[in-house]
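Since the structure comes first, as structure tokens, the remarks are kept for the end.
What's counted below: heavy atoms across the whole structure, side chains too, no hydrogens, waters or symmetry copies. Letters go in sequence order (proteins before strands), and every chain restarts at 1.
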Amino acid sequence: MRINLHPALALTWPLWATAAVVALGSCVNDPVADTRLTALGDDFPAGLEETQYHRPGQPCVTCHGKRGSASPKFSVAGTVFWGSCNISKTDFADEKIRAEKCDLTPVKNAEVRFVDYLGTPVCAVTNCWGNFTVPDGQIGFPFLVSVSKRLDNGDLLVERQMQGHVAREGSCAGCHDNPRRADSPGQIYLFPDDERTGKVTIPEAARTVLTKERGEACPEPPRAECLPK
Amino acid sequence: MRARDFLLGLGCLLFPALALTSTPLLGGCAESYDPSQKTNVLAPDYDIYATYLDEYINRRCGTLDCHGATGRAFRHYGALGLRRLEGKADEFTGEKGDAGEVRRTGLGATTEEEVRANYAGIIALEPEVISRLVALNGNDINARALEWMFLRKGLGLSDTTISRGERHKGGEVFKETDDAYKCIVLWLRARTKPATWKNGASDGGTSGDAGRPSRGNPSTPEEKDYNDYLDRFDRECALKGFR
């Protein structure tokens with residue numbers, strides 16, 4: 001079939017075709033989102049890729065948000081750890097320093113409570129890899145948030161409230177990444193480290209719970225609901 | 001193909017090429033930069049900003065996921081958000097500050113250097129607009145305050161502000177009816193501190209509470225006017241309750 005093009009178009013069609021590809025590509029391929037995704041590295045832990053247990057401590061909404069390619073979509077998602085990890089990458093490679101000053105043990109069945117600007121309360125429970133999620137549309141921004149852990153009998157072990165509010169970032173790890181520094185408070189933790197020495201300090205009562213939970217099956221879905229406050 | 005069509009096609013190819021190559025040439029004809037040239041800025045009072053406004057703006061605007069981020073043109077420092085590196089190189093990032101010690105977010109109070117940096121940052125957003133508004137000396141300020149982008153952005157584009165606000169990733173941060181908005185506008189309604197103003201007990205005046213603008217004993221109409229102005233901040237800028 002012969003196509004008759006206007007001579008002007010016939011001369012310039014490569015330019016228009018290139019422009020169309022660039023425009024389309026910019027809607028499909030987001031270089032900012034792609035860079036962030038690549039920086040997250042390979043999925044982990046092994047055997048639990050792309051499950052609710054994967055990528056603890058990483059910014060969930062990078063993929064599970066409006067600009068990401070993963071589903072389901074979340075409004076908010078994150079991970080809760082027992083202690084903090086405020087050491088540099090160099091120190092992280094040192095086993096002795098890591099053992100003393102870095103705790104990446106996730107908290108199972110921690111309760112993450114939110115109150116958004118409309119006063120809507122939402123509560124999520126962490127799974128055995130410390131991850132929690134709030135489905136897309138269930139909470140509005142900004143919101144206040146607190147994290148708590150109860151003993152098996154329902155008594156409160158510890159509760160920590162975020163001092164500020166979350167304005168627009170759905171991934172907790174969007175702000176809470178390691179180590180703690182001028183623009184990050186470090187990972188979300190139940191028990192802070194010693195400010196002078198940096199040593200992770202977890203009280204005896206909490207250690208008992210931590211040790212018990214380490215021995216429990218995982219993966220295992222979390223408790224369905226938060227306990228009444 | 002006719003000559004007209006050929007020329008049209010040639011123009012489609014040549015025009016972008018001409019645009020690209022002529023831009024540096026035209027730029028080269030512009031005036032060169034004069035490093036000695038300075039612009040004086042008429043700015044509202046720093047002490048009032050530090051006492052009444054900085055904490056509110058830090059809470060509303062300066063979270064780590066908003067303007068407590070280093071990538072923002074308007075950057076805000078504070079104890080609960082971005083800390084200003086004030087000393088030795090940060091052991092984790094290698095960034096260096098000016099003097100003092102490295103700060104960590106969430107630890108320690110907001111420093112004087114951070115408040116001063118915040119004040120400079122707010123003024124520097126639109127220094128010419130600020131100068132214009134302060135020069136009004138309070139006249140017509142309610143109507144003209146929205147010439148300042150800082151306020152328009154904070155209003156966002158809600159149903160009530162769509163004709164006055166400005167597109168803002170953070171949406172609506174305050175309303176025109178909020179006490180805090182009125183407090184910011186009050187700050188713009190700057191008064192010139194009287195030359196005879198007594199700043200503290202040593203000058204015969206009444207020293208204020210720690211961190212508050214000092215009060216004198218007003219003895220002239222000018223001093224009384226300034227004292228009344230400070231009283232309004234006490235009444236209308238109850239910012240402690242804001243998150």
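No more than 12 heavy atoms of other residues, nucleotides or ligands sit less than 6.0 Å from atom CZ of A/Arg36. Within 6.0 Å of CD in B/Glu128 there are more than 12 heavy atoms belonging to other residues, nucleotides or ligands. Heavy-atom contacts from other residues, nucleotides or ligands closer than 6.0 Å to CZ of B/Arg164 number more than 12. Counting non-hydrogen atoms of neighbouring residues, nucleotides and ligands closer than 6.0 angstrom, the NZ atom of B/Lys175 reaches no more than 12 such neighbours.
Closest approach of B/Lys169 and A/Arg168 over heavy atoms only: CD-NH2, 3.5 Å. Smallest separation of non-hydrogen atoms from A/Pro185 and B/Leu64: CD-CD1, 3.6 Å. Looking at every heavy atom in both residues, A/Gln163 comes nearest to B/Gly106 through NE2-O, 3.8 Å.
Using a 4.5 Å cut-off between heavy atoms, A/Ser184 contacts chain B through its backbone alone, with no side-chain atom that close.
With rounding to the nearest 0.5 angstrom, the CZ atom of B/Arg104 is 10.0 Å from the CG atom of A/Asp183. Note that the CZ atom of A/Arg181 and the CZ atom of B/Arg83 stand 14.5 Å from one another [nearest 0.5 Å].
Counting heavy-atom pairs closer than 4.5 Å to chain A, the top-ranked of the candidates B/Leu82, B/Leu107, B/Thr105 is B/Thr105.
Here the side chain of B/Asp65 pairs a donor or acceptor atom with the backbone of A/Ala167 at under 3.5 angstrom.
In this structure the side chain of A/Glu169 never reaches within 4.5 angstrom of the side chain of B/Thr63, judged on heavy atoms.
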